[in-house]
Asker: 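This structure is in structure tokens; I'll ask about it shortly.
No hydrogens, no waters, no symmetry mates; every other heavy atom, side chains included, goes into these values.
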2 protein chains.
Amino acid sequence: MAGRPKIFSEKEVIDKAIEVFWRVGYEAASAEELLKAMGIGKGSFYLAFKGGKRELFERSLVQFSAERLANLKRAISVSDNPIQLIKDFFLSIADTGLAKHMNGCYLGNAIAEMANIDAALQNIAINLLKEMEVVFTSVIRQAQDDQELKSTEKPDILARYLINLWNGINISRRMYTDKFMLKEMISFQLQVIK
Amino acid sequence: MAGRPKIFSEKEVIDKAIEVFWRVGYEAASAEELLKAMGIGKGSFYLAFKGGKRELFERSLVQFSAERLANLKRAISVSDNPIQLIKDFFLSIADTGLAKHMNGCYLGNAIAEMANIDAALQNIAINLLKEMEVVFTSVIRQAQDDQELKSTEKPDILARYLINLWNGINISRRMYTDKFMLKEMISFQLQVIK
DNA sequence: TCAATTTTGTACTATTTGGTACATTTTATT
DNA sequence: AATAAAATGTACCAAATAGTACAAAATTGA
């Protein structure tokens, strides 16, 4: 043990890499751009990420979704109206800026880009997004149990509806950047969850 | 005039190129793979497509959507129930094979991949997909005029709902490849168009 | 038939790619 | 202070990249 200490935190440099991958995608992200954004040299990088760019991307998918999912679960756990929280979560997409619109969903982008390129990586992204579906399912089931939801539709159907809405919005928001139009579209879709 | 004749049809080689771009995306499609699929050499290619890979992709977007859109319009024009035709159009997605699921939407993929990479190319894809929205809008408006639609929601809202459904499904179908589940999801979403 | 025109195939090139090798630096332990 | 361990920075590399140059081939029209 002992030895020269790392000058960087792996978590932090992965966050920097996420910014690049999210913006341009996996293939278009060059090692040069990634290293520059991460602020470390090749020696350090290939020591910490033996699998190179692919390992970096894989770990970025996991770290990204773990963080977001934890935030969502925390917000739900302290909310007195989790259904409304989820609705607001969707509606708030309309209020973000153009850059965010263009980035879309980190996992959805990976699911699209990795299809027919790297099935293992695609599967990781798929399973991470399905974790969001699980959260939706349980919130919906709970709300139905508490008779706070009119819809008697099965929770898993409604949850997949929300996932499909999520996937759609993250493409559509790149077509329709008008805030008002986006909000109108999202709230129209959310009428199903009533 | 005169001169040695082309041994290929530009339309046909673009169709071959579409197969490659659709499967792996723009960045991941190498010139080598494209030329092999198109069945022509570099000399012929760079003479016919002076803009190289980028021009090929741009023309492929236009050719692809022109063809699909013409098919859709023709089917609508000869249908005695255009709304049902559109519903079936969506539902039939569930019946396609795994490879088709993985490919997603040619335009949607371009909208996602070209964001922050090539705004001009992305815009072309966006405007082509909006042509589909225009078709949906007019079919819905006509159906409302004919009182064949219960919903009194504005046609453009409903059309954008369908575009968002389309965008969503083309990501979701890569997550949920089960035919039954997909059909269930799509028909649930189509209840809005009633 | 021959000249003009256009396409084709191949050889080549300059650049960029992700990745490796390794000497140097920096630390903890003894 | 010496040594072992680990991280770093740089120089390097082989492969793949998109694209170009150009001579040869195939056609039409004079």
Asker: Decide yes or no for B:Arg54 and B:Asp118: does some side-chain heavy atom of the first lie under 4.5 Å from some side-chain heavy atom of the second?
Answerer: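 Heavy-atom side-chain distance check passes, below 4.5 Å.
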Asker: Side chains of B:Asp88 and B:Gln84 only: does a donor on one sit below 3.5 Å from an acceptor on the other?
Answerer: yes
Asker: Which part of the nucleic acid does A:Ile7 contact within heavy-atom distance under 4.0 Å: base, sugar-phosphate only, or nothing?
Answerer: sugar-phosphate
Asker: If you check the A:Ser30 side chain, which of D:dT8, D:dA18, C:dT17 turns out closest?
Answerer: C:dT17
Asker: May I ask you to check whether over 12 heavy atoms, not counting those of B:Glu12, lie within 6.0 Å of atom CD?
Answerer: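 Atom CD in B:Glu12 is not packed in, count stays at 12 or less.
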Asker: Please tell me if the side chains of A:Glu184 and A:Phe188 come closer than 4.5 Å, counting only heavy atoms from C-beta onward.
Answerer: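 In short, these two side chains do not touch, never coming nearer than 4.5 Å.
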Asker: How many Å lie between CZ on B:Phe45 and P on C:dA11, as a whole number?
Answerer: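 The distance from CZ of B:Phe45 to P of C:dA11 comes to 20 Å, rounded to the nearest Å.
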Asker: Specify the residue among B:Ala31 and A:Leu47 whose closest nucleotide of DNA chain D lies further upstream toward the 5′ end.
Answerer: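 By nearest-heavy-atom nucleotide position, the 5'-most residue is A:Leu47.
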Asker: All N/O contacts under 3.5 Å from nucleotides 20-26 of chain D to the protein, with atom names and distances to one decimal?
Answerer:
unit_1: D:dA25; atom_1: N3; unit_2: B:Arg4; atom_2: NH1; d: 3.3

Asker: Using atom types as modelled, flag every donor-acceptor pair under 3.5 Å from a side chain in residues 28-50 of chain B to any protein atom, sequence neighbours excluded.
Answerer:
unit_1: B:Ser30; atom_1: OG; unit_2: B:Glu33; atom_2: N; d: 3.1
unit_1: B:Glu33; atom_1: OE2; unit_2: B:Arg23; atom_2: NH2; d: 3.3
unit_1: B:Lys50; atom_1: NZ; unit_2: B:Leu47; atom_2: O; d: 3.2

Asker: Using side-chain hydrogen bond (donor to acceptor under 3.5 Å, both in side chains) as the criterion, point out the one residue from B:Lys179, B:Lys100, B:Lys183 that pairs with B:Asp95.
Answerer: B:Lys183
Asker: Would you kindly give the NZ-to-C1' distance between A:Lys53 and C:dT16, to the nearest whole Å?
Answerer: 12 Å
Asker: Which is true for A:Phe8 with a 4.0 Å heavy-atom rule: it touches a base, it touches only sugar-phosphate, or it touches nothing?
Answerer: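 Result for A:Phe8 = sugar-phosphate.
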